[in-house]
Peer 1: 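This is the structure, below, for whatever I ask next.
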Amino acid sequence: MTDRVADIWGTRTPHGAGTPWPVRVDQYLAPATPEADVTWYQSACVLCSNGCGMDVGVRDGRIVGVRGRAADRVNRGRLGPKGLFGWQANHAGNRLTEPLIRHDGQLRPGTWDAAMDLIVERSRQVLNEQGPLGMGFYTSGQLFLEDYYTIALVVRGGIGTPHLDGNTRLCTATSDFALKETFGSDGAPGSMADFDVCDTIFAVGHNIAETHTVLWMRILDRLRGPDRPRLVVVDPRRTKVAAEADVHLPIRSGTNMALLNGIQHELIHNGWIDRGFVEAHTIGFGKLEQTTAAYPPERVAEICGVPADDVRAAARIIGAGQRVVSTCLQGVYQSHQATAAACQINNITLLRGMIGRPGCTVFQMNGQPTAQNTRETGANGDLVGMRNWQNPGHVADLARIWNLDPLQIPSWAPPTHVMQIFRYAEQGSVRFLWITATNPAVSLPELHRIRSILRQDRLFVVVTDAFLTETAQLADVVLPAAIWAEKTGTFTNHDRTVHLSEKAVEPPGQARTDMDIFIDYASRLGLTDRDGAPLVKWRMPEECFEAFRQVTDGRPCDYSGLSITSSGEAVGSSGRAPNRTHRALSGCTATIASTPRPASAKTTATIC
Ligand code: SF4
């Protein structure tokens with residue numbers, strides 16, 4: 001095997017528009033591993049939002065390598081360096097293996113019973129003294145759907161606090177809100193297969209070659225193919241993506257809006273828009289035309305620091321494309337006027353009517369293939385199934401499914417964002433904070449302030465993690481978590497492909513899954529539905545997935561068509577039979593909604 005750290009994208013397999021992306025299976029096994037001894041378990045990579053399908057190789061109860069899944073629609077067998085080698089972190093010597101409880105200022109090993117009893121005791125105390133608003137929960141973009149949904153049910157339905165957020169709020173939240181702003185709902189409209197048939201790619205602030213290496217392989221194979229798509233790249237740096245571009249616009253940082261206004265000015269001024277589509281499926285065009293009229297190429301050149309003719313050339317390519325895919329990531333999300341700029345990329349898509357047909361879409365990319373599930377399960381800014389907390393009908397519907405009084409589900413205010421949760425902790429109204437699989441002592445703004453909040457004596461901090469992070473070191477109780485390949489579950493990538501990830505190995509020591517931990521917490525706390533039955537009705541991930549299918553039935557993120565059967569098996573070359581858990585979920589790679597959702601006659605997109 002070639003050095004895939006040096007040769008990131010591997011060998012090219014060029015192909016033309018409309019022909020299948022050729023299979024290329026990448027595999028890495030630890031040195032001196034006899035392949036015949038390896039048992040393979042189905043999974044997918046969790047290290048970027050592409051979510052490439054892979055099998056996990058196990059020998060003697062340890063992960064020994066991975067291989068890409070040839071049949072997977074996302075990667076057709078390919079893996080990037082992170083996918084090929086990231087599994088080695090599972091074996092890190094500093095994994096947490098037992099609960100830790102703070103005594104006399106020091107974290108010391110304790111039993112699960114002692115740790116959970118203490119957590120429940122402090123929860124009861126805060127609930128009795130301050131009610132649900134004394135409780136805060138900060139979760140992650142790195143868990144599985146089943147973990148998130150259990151947390152969302154326990155926190156929103158059981159505890160009844162709006163103080164639940166995920167770290168996705170600070171990463172790719174713009175994706176969520178730009179999709180809502182334009183299309184009325186979260187959820188990507190596109191398919192990865194659109195890259196296989198498009199004739200134009202417009203990449204804004206998205207270094208695909210480094211952030212989504214397998215997607216870049218897919219694009220490179222088109223760029224080297226017989227009918228190369230044209231490529232327009234917006235990035236202040238000359239990245240590998242920029243080096244391949246027909247037009248590269250190295251704009252000044254923070255000037256996305258002016259450039260995108262300028263491109264729309266050119267599209268409108270030159271008549272390169274689909275007026276029929278705009279009139280039939282959008283609102284707000286007049287205002288957009290008025291706004292962008294103030295951004296001719298010369299003005300854009302002045303603001304953005306790129307030649308006016310390059311702005312014209314970029315607009316000409318986008319305007320001439322018959323199948324245009326647009327994409328953006330942190331160069332938009334973490335820059336000036338992030339959501340507005342992301343919406344302008346949506347607007348370019350709408351002006352050209354480039355949606356709802358093969359090769360035509362916009363991707364507001366995510367960070368991980370598990371991040372979409374934070375949003376869909378209601379573990380950050382929405383209620384589960386993309387239900388709107390401001391819609392009494394949505395709240396009542398959720399209460400019916402959860403068998404709760406609607407008043408139990410907090411809907412009097414928006415789900416609290418994480419910086420506000422920390423503010424409440426700083427002020428003393430939040431006195432219990434449970435942080436799962438994220439490290440705010442390193443990742444939040446104003447670190448000195450965040451760390452001082454976490455150090456407060458009056459704040460009881462629980463951290464669930466695989467490692468003793470900087471945040472865990474400040475906690476009162478630390479719970480060891482099982483991670484990818486150590487639990488069964490599902491997750492949803494940036495084109496809504498849902499992957500099953502099977503438990504391939506046991507977690508280290510006493511580590512448990514986040515789903516198990518929150519079921520245990522709900523049980524010890526005595527959380528029930530309105531009939532006195534346990535609030536959480538599932539024990540196995542398969543049961544949780546089934547519940548999620550039901551709660552999303554008819555919603556924009558509708559999982560109800562995804563099957564659960566007992567026919568799927570992890571087939572190992574050793575012929576060893578997998579255990580029951582491994583067999584329980586199959587039908588394992590599916591896309592929610594079988595076609596891209598167009599701005600159809602029933603859907604009006606908002607140009608803003
Ligand atoms: S492209 Fe992303 S999902 Fe695929 S192997 Fe690389 S890191 Fe993993």
Side-chain angles (χ1 to χ4, degrees), residues 1-13 21-29 40-57 63 65-90 141-145 168 171-172 175 188 190-193 195-196 201 203 206-222 239-241 327 329-330 363-373 483-485 489-502 504 588-589 591:
M1 179 182 167
T2 57
D3 178 354
R4 287 295 308 282
V5 173
D7 180 14
I8 295 172
W9 306 287
T11 311
R12 295 280 52 77
T13 51
W21 189 27
V23 168
R24 185 194 89 191
V25 174
D26 296 340
Q27 174 174 315
Y28 175 76
L29 283 178
W40 296 98
Y41 295 91
Q42 175 168 334
S43 183
C45 178
V46 287
L47 296 176
C48 88
S49 63
N50 224 45
C52 297
M54 63 161 63
D55 293 322
V56 180
I63 304 173
V66 293
R67 70 179 176 199
R69 291 177 65 82
D72 197 291
R73 63 186 298 278
V74 171
N75 56 322
R76 306 275 285 161
R78 291 162 188 77
L79 296 174
K82 286 195 289 183
L84 284 168
F85 307 114
W87 56 270
Q88 295 168 353
N90 282 61
Q142 284 75 26
L143 304 180
F144 286 4
L145 180 156
T168 46
C171 179
T172 52
S175 164
S191 163
M192 304 284 263
F195 287 100
D196 300 341
I201 298 170
H206 184 186
N207 185 0
I208 310 164
E210 292 183 8
T211 57
H212 296 100
T213 54
V214 172
L215 176 57
W216 184 237
M217 295 173 202
R218 193 168 199 145
I219 293 171
L220 271 182
D221 284 347
R222 284 296 318 282
T239 61
K240 297 280 186 191
V241 183
T327 168
L329 193 67
Q330 302 295 24
F363 278 99
Q364 301 282 343
M365 291 287 183
N366 291 337
Q368 283 81 36
T370 44
Q372 189 68 36
N373 304 115
I483 58 175
W484 169 88
T490 54
F491 43 87
T492 307
N493 81 344
H494 54 207
D495 85 336
R496 296 166 291 114
T497 298
V498 183
H499 278 108
L500 167 70
S501 185
E502 296 176 321
C588 35
T589 302
T591 305

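First listed ligand is number 1; within each ligand, the first listed atom is number 1. These numbers come from the heavy atoms of this one structure, side chains and all, not from hydrogens, waters or symmetry mates.
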Peer 1: Using 30° and 60° as the class boundaries, would you call the ring planes of F363 and F195 parallel, tilted or perpendicular?
Peer 2: parallel
Peer 1: Of all the heavy atoms in N75, does at least one lie under 4.0 Å from an atom in ligand 1?
Peer 2: no
Peer 1: Using atom types as modelled and distance alone, determine if a side-chain donor or acceptor of R496 lies under 3.5 Å from a backbone N or O of H494.
Peer 2: no
Peer 1: Should you measure from each heavy atom of G51, which atoms of ligand 1 turn up under 4.0 Å away?
Peer 2: 3 (S)
Peer 1: Who's the nearest protein heavy-atom neighbour of atom 5 (S) of ligand 1, and how far?
Peer 2: G80 N, 3.4 Å
Peer 1: Answer yes or no: is there an ion pair linking R78 with D26, defined by an N-O contact shorter than 4.0 Å?
Peer 2: no
Peer 1: Using 30° and 60° as the class limits, which term best fits the ring planes of F85 and Y28: parallel, tilted or perpendicular?
Peer 2: perpendicular
Peer 1: List every atom of ligand 1 that sits less than 4.0 Å from any heavy atom of K82, numbering the atoms from 1 in the order shown and giving each element.
Peer 2: 7 (S)
Peer 1: Which of the atoms of ligand 1 are close to C45, meaning less than 4.0 Å from one of its heavy atoms?
Peer 2: 3 (S), 5 (S), 7 (S), 8 (Fe)
Peer 1: Compare every heavy atom of L47 with every heavy atom of K82, then report the nearest pair and how far apart it is.
Peer 2: NZ-O, 3.0 Å
Peer 1: Can you measure from CZ (R76) to CZ (R69) and round to the nearest 0.5 angstrom?
Peer 2: 13.0 Å
Peer 1: Side chain of E502, backbone of Q42: donor and acceptor closer than 3.5 Å?
Peer 2: yes
Peer 1: Atoms of ligand 1 less than 4.0 Å from T213 heavy atoms?
Peer 2: 1 (S), 6 (Fe)
Peer 1: For ligand 1, which atoms, with element, lie under 4.0 Å from some heavy atom of V214?
Peer 2: 1 (S), 4 (Fe)
Peer 1: Show which atoms of ligand 1 fall inside a sub-4.0 Å distance from at least one heavy-atom site of G83.
Peer 2: 5 (S)
Peer 1: Just go through C52, C48, P369 and tell me whose heavy atom is the nearest to atom 2 (Fe) of ligand 1.
Peer 2: C48
